[in-house]
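Quick notes on the structure that follows.
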Amino acid sequence: MAEIHLKDISHAYMPEPKGPEDYALKALDHVWQDGGAYALLGPSGCGKTTLLNIISGLLTPSEGAVKFGEQDVTTLDTAHRNIAQVFQFPVIYDTMTVRQNLAFPLRNRGVSAGDIDARVLEVADLLGIIDRLDEKASGLTADAKQIISLGRGLVRRDVNAILFDEPLTVIDPHLKWQLRSKLKALHQQFGFTMIYVTHDQTEALTFADKVVVMNDGEVLQIGTPEELFEKPIHTFVGYFIGSPGMNFLDAKVDGNQAMIAGQSIALTANYADTHNGKTEVGIRPEFLSLHSPDHKTNAGIRVTVQTVEDLGRHRVVKVDAAGTPVTVLVHEDEEVPSGDATLVFDPARTLVYRDSRLVEGVG
Amino acid sequence: MQRKHNQKAWFLVLPVFLLVAFSAIIPLMTVVNYSVQDSFGNNEFYWVGAEWFVEILNSERFHSALGRQLMFSGLVLAIEVPLGIFIALSMPKKGWGASICLVLMALPLLIPWNVVGTIWQIFAREDIGLLGHTLAALGVDYNYTQDAVAAWITVVVMDVWHWTSLVVLLCYAGLSSIPDAFYQAAKIDGASRWAVFRYIQLPKMKRVLMIAVLLRFMDSFMIYTEPFVLTGGGPGNATTFLSIDLVKMAIGQFDLGPAAAFSLVYFLIVLLVSWVFYTVVTVQDAEASK
């Protein structure tokens, strides 16, 4: 129906916030496109749930406005927004049957009995629970309860966006895949906006078209899974996304050369040496390679191999680069030198960060 | 599998067995002993069989005391349970307000029972009591020592004052265990305040509420101290409940045989009602978790 626009919002749980550290959610301006599948990813306590509750109306932001299309809904209460939310722990009404649970949001809104019956059947059919409609909801398993929570959102015709607050936390691992693909299928079928909060990157990257990475109340990057992988704009994103995460090494960057522990490596662009703060070189373990110590290259540094973990398809090698631990992914066919080695950087994949933020070079 | 039996293990249970025997079984057996005999002093006893039981069960005195007792317990439950739920719902959930409320609620429960009786005895007096005197000044004809209705109102209000807190605290504990997500989901589902109470709070409180009803039934059914101090069972026999009547019979008239039979009947009634109640609750629980 409409896009969701968060206009310069921020939120503090305390009444009189003084500095930025008092905000659970720091200033954010973002438009959630209608019909998008978004994931909100970040460690526990980073403000994901706060952001979600502001969209659903359970919280009113301290500053800024929430707009659904052209309508300002900042102070509109939850029941009157066309939003459904599924929580971390399944919420069902214990004393009701599955059918009554699904009918509840419609009954509260004064929908006629005939319409309710038809709609409940439709949604139950969609979710594959039509044969369990007359069971007591309290006796169901956690995943069935979570499906009913979802059903209570779907049953309303007006729902524009469904918000998920870590909905698979209490679900058995083998059922997580099933539920997630069900969600994706529903999304493709109906095209409502979905915002999915999680701290699990696999869940976020497989579910969403766009991933919003948050840390410490701040939105660090919004992008497709590829963008997050290839060009993390903040060191936290690089570290948090990917398994294992990105490597960062202190460096001195001048022109198209980076000096790491007194050894230089080549870069593909020119960077001015005007920065006084902390400069780092970031590279994903996938784009590093290990060679024998006498290997000739213009983009390598001397390291010491410390541990090798075999994960089957590839090996995770931890090396020591003049005191900084670096992780390297080595394909199963390749050799891993023991002891001293040369660590070679792929120049096209070597990124430069200043004060934790990505900087783009020239040329 | 062959299991080894070690008969010496019985010695481990022996202390508990002896303790229970001394504290419960032996005194109870003494009562049973009295209830089937008649005595004329001098330690002479005569076997009378079930005569005392027949007499008690047919006596007008027992019937009317039992009637008053049932009426009292019924009234007390009918007031304290809804009132307790209401207060628990209105109490703040967190912050300093919650702590203050909890302390205030716990206060009446900490007062010794005979002190509660004394407090109300003075509080409701027409000549010097704050309540009694105020009512008299307002022109209300209220005198709990003369008028049976006034006496009943005073006894019931006293019990409500003393024990509603217990229901409140139990309900409050039940309410605090409901995760926030339930209230949030209810908001999203557009539930009214009544629907939240009916479908979330009441079901979640059900267990503690059952315990509260059971405790309040047993306690009010066995009430003695407070009305004894307040009205002494009067005016006339208007507030003579079972335990007060029993004490009058046993110690006032020294009718040990009938009093013993009375106690056993009394005991069995409490046991029976509690058992029925407990069974209903457990059966319901088992059905709910199916």
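Note on naming: letters A, B, ... go to the chains in the order of the sequence lines (proteins, then strands), and numbering restarts at 1 for each one. Treat the numbers as computed from the prediction; the structure is a model and nothing was measured.
- In summary, of the residues considered (B:Val156, B:Thr154, B:Val155), a side chain to side chain contact (heavy atoms under 4.5 Å, CB included) with B:Trp152 occurs for B:Val156 alone.
- Between B:Phe277 and B:Phe217, the distance from one ring center to the other does not fall under 6.0 angstrom.
- The contact between A:Arg107 and chain B is made entirely by side chain atoms (from C-beta outward), counting heavy-atom distances below 4.5 Å.
- Using the six-membered ring where Trp is involved, A:Phe104 and A:Tyr93 have ring planes that are tilted, between 30° and 60° apart.
- Proximity to chain B (any heavy atom under 4.5 Å) is restricted, for A:Ile92, to the backbone atoms N, CA, C and O.
- Contact of A:Asn53 with chain B is made through the side chain alone, with heavy-atom distances under 4.5 Å.
- Aromatic ring centroids of B:Tyr278 and B:Trp275 lie 6.0 Å or more apart.
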